[in-house]
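Lettering of chains follows the sequences in order, A, B, ..., and the numbering in each one begins at 1.
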Number of protein chains: 2
Amino acid sequence: MKDREGRGSELKQAIRPIKMSTITDVAEEAGVSRATVSRVLSGSDAPIRPATREKVLAVVAKLGFRPNAVARSLSGKRTFTVGVLVSDIGNPFYAEVIKGVEDAGLPEGYNLFLGNTNFDLDRGTTLIHSLIDRRVDGVIILFSRTSQEWLTTLAGHNIPVTVVDRDPSIPPLESVSINVDFRPGIRAAVEHLVGLGHRRFAHVSGPLDLQTSRRRRDMFMEELAAHGIKPGQIQCEEGDFHIEGGREAARRIFDNNKTWPTAIFAANDLMALGVMGEARARDLRVPQDLSVIGLDDIWPAAHSTPPLTTVAMPRYKIGFQAMSRLMKQLKEAKPGRKTPQEISLATQLVIRESTAPPRR
Amino acid sequence: MKDREGRGSELKQAIRPIKMSTITDVAEEAGVSRATVSRVLSGSDAPIRPATREKVLAVVAKLGFRPNAVARSLSGKRTFTVGVLVSDIGNPFYAEVIKGVEDAGLPEGYNLFLGNTNFDLDRGTTLIHSLIDRRVDGVIILFSRTSQEWLTTLAGHNIPVTVVDRDPSIPPLESVSINVDFRPGIRAAVEHLVGLGHRRFAHVSGPLDLQTSRRRRDMFMEELAAHGIKPGQIQCEEGDFHIEGGREAARRIFDNNKTWPTAIFAANDLMALGVMGEARARDLRVPQDLSVIGLDDIWPAAHSTPPLTTVAMPRYKIGFQAMSRLMKQLKEAKPGRKTPQEISLATQLVIRESTAPPRR
DNA sequence: TCGAAAAATGAAATCGGTTTCAGAGTGGGC
DNA sequence: GCCCACTCTGAAACCGATTTCATTTTTCGA
């Protein structure tokens, strides 16, 4: 917080109109051609006599000249902008990813167009098209739900795309894939739970039409199987990655007359929070009566009651890498089809207070 | 959720390069001049013979022509972009405001540049300059902390700015102000608390160098005074609008040997959450032992334990109005200095479960 | 000191639109 | 049948950079 409420040094700064100078102004003032000014400023490889360079630089400083990014974008091929598509910035998970994206892009001069789809396919399509119209250099898609149509469109326009947590079962259309390796985190979660003595589990999954939901669920089951617990013994309920969906799934689990599970693993933190809410409503104490584990590690998870044990996603890193790789791709020689990049980031278990040994 | 994991109709859609047609292509194909195409497309006031219009439109459809927004921005005066500056998108409050901004802008063809300052003044300055370079049509500043310098710079460049919750004690430099009227919400909160029987209060404020923090605090005290409770009886601790800051302020309040307050009003939800966290750590039950009221009504407030009673800000509306007014300002005849707009949005109390009668 | 190669710079085209200004059709009033 | 006023449309300038290509300077070896 080095910020401050600056008042422009007490003296009531008058708003004096700033005339935007163009490269032509600079050229005339410095007595050189626009081409020369351009070369000095945009680090061209053409050699410039030191005297000339200084002369130009002096005028630039004097006039406070800053090149018009729009004009630059038109003549150059690049706009130094990328579009970031998110289904809901309200979800802190995405917010943190975006921070990573921005931090990686800013130093390189990139600005972000933010697009919020609100889970609306048509809106997403609209956004994609406006991004194309604006000639963004690249697009980062952070959806849990992504339309393949967007990817083909983007690919057709030769716009590099980074997709996070993609469906590995279909061939990649994007140029950079950030895969999330849920294995280490989920394995640790299962070991943690089993170690605590749990034997009866339930899972609240994301929408099952999403590959990532199925992957998380299957991995959970596989790891449990390694400890002798059969998939058939695990009750799975489908959620929607939102709090309410998690809560409803929990309702279904508890309403089920069979013996209740002693531990529930939710496919994301929001749903885990929903599960805890429902547990509380039924006077089930977490973690004494029920252990809950989430996935994501959004900040509210650390401040819930009790603080949530969760499989942490490297949120910031995901964003940072997504942007870095995209820019790398962008920097590479334009010619032709670049080989798709693909990297994997690991998850890790964060143990807090929503897990404990089951009651006897 | 009308979204779906579209696979582009099973047939493995090949990525066929899409050639971007230009207005010249359209003109040639339609046998008219570029000027005519432009007029047809960008709703110029020049009359076009129906036959010509249709001919052009047909070609546009056939070629799938979409005008290059960059070129359009360069020649026209407008870019149809606005910059949104936020100190932290991780805070759901800002996220929801942004949704409002986007929803208002999208139908009018505006896209958003998102800037996250992370409370860093220099970073903010960098962002402001890049936005100017990119010739955004306007800027929306959602800070609690805003540098006046930015505003003068923006004003100097004649870029309309919308400021939310500005400091009314200094003359406006921006063209649109969205004021938040805390009065109704805070009054209702005080009446609620007093009605429950509370007599000993504490307040966790935001950073006191911020006018908005002082305003919230003073209003709380004024309303209490109306019920016969003197400012001197109210313990105030300064926070930082973050969870941890709220928690620390609570620590100070509890560590204070005097009689504890039975109700605490925090200047925002994040700090209220921090207060509840600290209360829990000290085995103080909320609301039995301590009533807590926040301000903002971010979603985690509704899902905390217990759910937080709070003074709700019209978050979405703030964003929507901020953008709407800005666009209105943009639409108005360019000539000269437009009169600054100013609107006020009211707050309102949302009673949940963090408040109850004090123990006897 | 001369000439050729290298270095530095400028003129002009280009990016893809919008807009001004002027010219070409059309139609109507007398 | 003529002239003027509209109604449409096109040519060209312009927005503010970058970049190619050509030209002017320098630099240097012989």
C:dG16 base / B:Arg34 side chain donor-acceptor hit below 3.5 Å: no

C:dT18 OP1/OP2 closer than 4.0 Å to side-chain N/O of B:Ser42: yes

Contact list for residues 41-59 of chain B, test salt bridge (Lys or Arg N to Asp or Glu O under 4.0 Å), sequence neighbours left out: none

B:Lys19/B:Asp25 ion pair, N-O < 4.0 Å: no

Bending between helix ends of the helix from C:dT1-D:dA30 to C:dC30-D:dG1 [5 pairs per end, 10° resolution]: 50°

Range on DNA chain D touched by chain A - first to last nucleotide, heavy-atom distance under 4.0 Å: D:dG16 to D:dT20

Chi angles and distances behind the side-chain contact (heavy atoms from CB on, under 4.5 Å) call for B:Val139, B:Thr162: CA-CA 6 Å; B:Val139 172; B:Thr162 293; over 6 Å; no

Side chains of residues 125-133 of chain B: which donor-acceptor pairs under 3.5 Å do they make with residues two or more places apart or in other chains?
from	atom 1	to	atom 2	distance (Å)
B:Thr125	OG1	B:Leu121	O	3.1
B:Thr125	OG1	B:Trp150	NE1	3.0
B:Thr126	OG1	B:Asp122	O	3.0
B:His129	ND1	B:Thr125	O	3.2
B:Ser130	OG	A:Asn111	ND2	3.3
B:Ser130	OG	B:Leu127	O	2.8
B:Asp133	OD1	A:Arg66	NH1	3.2
B:Asp133	OD2	A:Arg66	NH1	2.8

Donor on one side chain, acceptor on other, A:Asn118 and A:Asn116, under 3.5 Å: yes

Residue list, ring-ring contact (aromatic ring centres under 6.0 Å, His included) with B:Phe65, at least two apart or on another chain: none

A:Thr22: partners by side chain to side chain donor-acceptor pair (under 3.5 Å), with sequence neighbours left out: none

Carboxylate-amine/guanidinium contact A:Asp137 A:Lys331, below 4.0 Å: no

Minimum side-chain heavy-atom gap B:Val163-B:Val176 below 4.5 Å: no

Position toward the 5' end of DNA chain D (nearest nucleotide), B:Ala35 or A:Ala71: B:Ala35

Please write out each protein N/O paired with an N/O of nucleotides 7-9 of chain C under 3.5 Å, distance rounded to 0.1 Å.
from	atom 1	to	atom 2	distance (Å)
C:dT9	OP1	A:Thr52	OG1	2.0
C:dT9	OP2	A:Arg49	N	3.0

Residues that B:Gln321 engages under side chain to side chain donor-acceptor pair (under 3.5 Å), provided they are two or more places apart: B:Arg325

Side-chain N or O of B:Ser38 closer than 4.0 Å to phosphate OP1/OP2 of C:dT18: yes

Near-strand residues of residues 126-135 of chain B, defined as heavy-atom separation under 4.0 angstrom from DNA chain D: none

Qualifying residues under side chain to side chain donor-acceptor pair (under 3.5 Å), relative to B:Arg72, sequence neighbours excluded: none

Can you give me every donor-acceptor pair (side chain of residues 28-36 of chain A, partner residue at least two apart or in another chain, under 3.5 Å) with its distance?
from	atom 1	to	atom 2	distance (Å)
A:Glu29	OE2	A:Lys62	NZ	2.5
A:Ser33	OG	A:Ala35	N	3.4
A:Ser33	OG	A:Thr36	N	3.3
A:Ser33	OG	A:Thr36	OG1	3.2

Atom-pair distance (CE on B:Met20; C1' on C:dC15), nearest Å: 13 Å

Atom-pair distance (NZ on B:Lys77; C1' on C:dG17), nearest Å: 13 Å

Test side chain to side chain donor-acceptor pair (under 3.5 Å) applied to A:Asn68 - qualifying residues, sequence neighbours left out: none

